[in-house]
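So the structure is just underneath, and the comments pick up after that.
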Amino acid sequence: QVQLVESGGGLVQAGGSLRLSCAASGIPFSSTGMGWYRQAPGKQRELVAFISVGGFTLFADSVRDRFTIFRDNAKNTVDLQMNSLKPEDTAVYYCKAEIRSVGRSLLYNYWGQGTQVTVSS
């Protein structure tokens, strides 16, 4: 049974910080690329940050230099550290796991249920 459980969301003031965590189970975490996505009301879901098996990271332009993504393979967790938060960061944040074959073909994406982040002005 695959589970991705997000935590750490909440209400913060603009300029504040928040750290989101995603706890994974039922997947080969250490060999799985992990990402954080977000979806604001009335908008499409978008990539926020990604971290590969080898630690390669990428970020959306809108969060670069403010957000950082980390993974802890011993705990099967991936965190998103969010600093200098802006009201436009308000969204539901989702954790995603990419399951790939030995040949690196994408087999399946697993999603968490999401956690709400609200940034007040």
Side-chain angles (χ1 to χ4, degrees):
Q1 183 179 1
V2 176
Q3 282 193 313
L4 301 176
V5 181
E6 301 97 334
S7 62
L11 174 65
V12 297
Q13 290 185 311
S17 297
L18 206 59
R19 186 164 184 142
L20 306 182
S21 293
C22 173
S25 61
I27 64 171
F29 185 85
S30 62
S31 58
T32 301
M34 303 294 298
W36 282 97
Y37 289 70
R38 68 186 181 188
Q39 187 166 21
K43 300 186 68 176
Q44 297 290 320
R45 187 173 298 187
E46 65 175 350
L47 173 70
V48 178
F50 173 83
I51 184 165
S52 74
V53 170
F56 169 83
T57 60
L58 61 84
F59 299 89
D61 289 342
S62 60
V63 307
R64 198 182 316 277
D65 300 325
R66 297 189 298 120
F67 291 11
T68 307
I69 188 169
F70 307 91
R71 66 187 298 154
D72 187 335
N73 290 341
K75 297 181 178 179
N76 286 8
T77 59
V78 58
D79 290 2
L80 183 70
Q81 178 66 47
M82 304 184 293
N83 299 322
S84 301
L85 283 162
K86 305 174 180 179
E88 50 262 46
D89 294 319
T90 295
V92 177
Y93 284 70
Y94 298 90
C95 179
K96 188 193 80 171
E98 291 187 354
I99 307 300
R100 294 182 179 273
S101 70
V102 174
R104 305 295 190 267
S105 299
L106 180 65
L107 298 178
Y108 205 82
N109 290 324
Y110 289 102
W111 295 90
Q113 293 300 305
T115 185
Q116 177 71 47
V117 171
T118 303
V119 184
S120 62
S121 61

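For residues 99-115, the side-chain hydrogen bond (donor to acceptor under 3.5 Å, both in side chains) pairs, not counting sequence neighbours, are E98-R100.
The shortest side-chain heavy-atom distance between V48 and Y93 falls under the 4.5 Å cut-off. L80 is listed as a side-chain neighbour of F67, based on a closest heavy-atom distance under 4.5 Å. Contact annotation: the side chain of S21 never approaches that of E6 to less than 4.5 Å [non-hydrogen atoms, C-beta and beyond]. A 4.5 Å side-chain heavy-atom check between F59 and R66 finds every atom pair outside the cut-off. Looking only at side-chain heavy atoms (C-beta outward), L85 and Q13 stay at 4.5 Å or farther from each other.
Ionic pairing of D79 and R71 is not present here: no N-O contact between side-chain nitrogen and carboxylate oxygen is shorter than 4.0 angstrom. Between D89 and K86, none of the side-chain N atoms (NZ, or NE/NH1/NH2) sits under 4.0 Å from a carboxylate O, so this pair counts as no salt bridge.
S7 is linked by a side-chain hydrogen bond (donor to acceptor under 3.5 Å, both in side chains) to nothing, counting only residues two or more places apart in sequence or in another chain. Partners of S17 according to the side-chain hydrogen bond (donor to acceptor under 3.5 Å, both in side chains) rule, which considers only residues two or more places apart in sequence or in another chain, are N83.
Figure legend: cation-pi geometry between R38 and Y94 absent, as NZ or CZ is not positioned both under 6.0 Å from the six-membered ring centre and within 45° of its axis.
Proximity of a side-chain donor or acceptor of T32 to a complementary backbone N or O of A97 within less than 3.5 Å is not detected.
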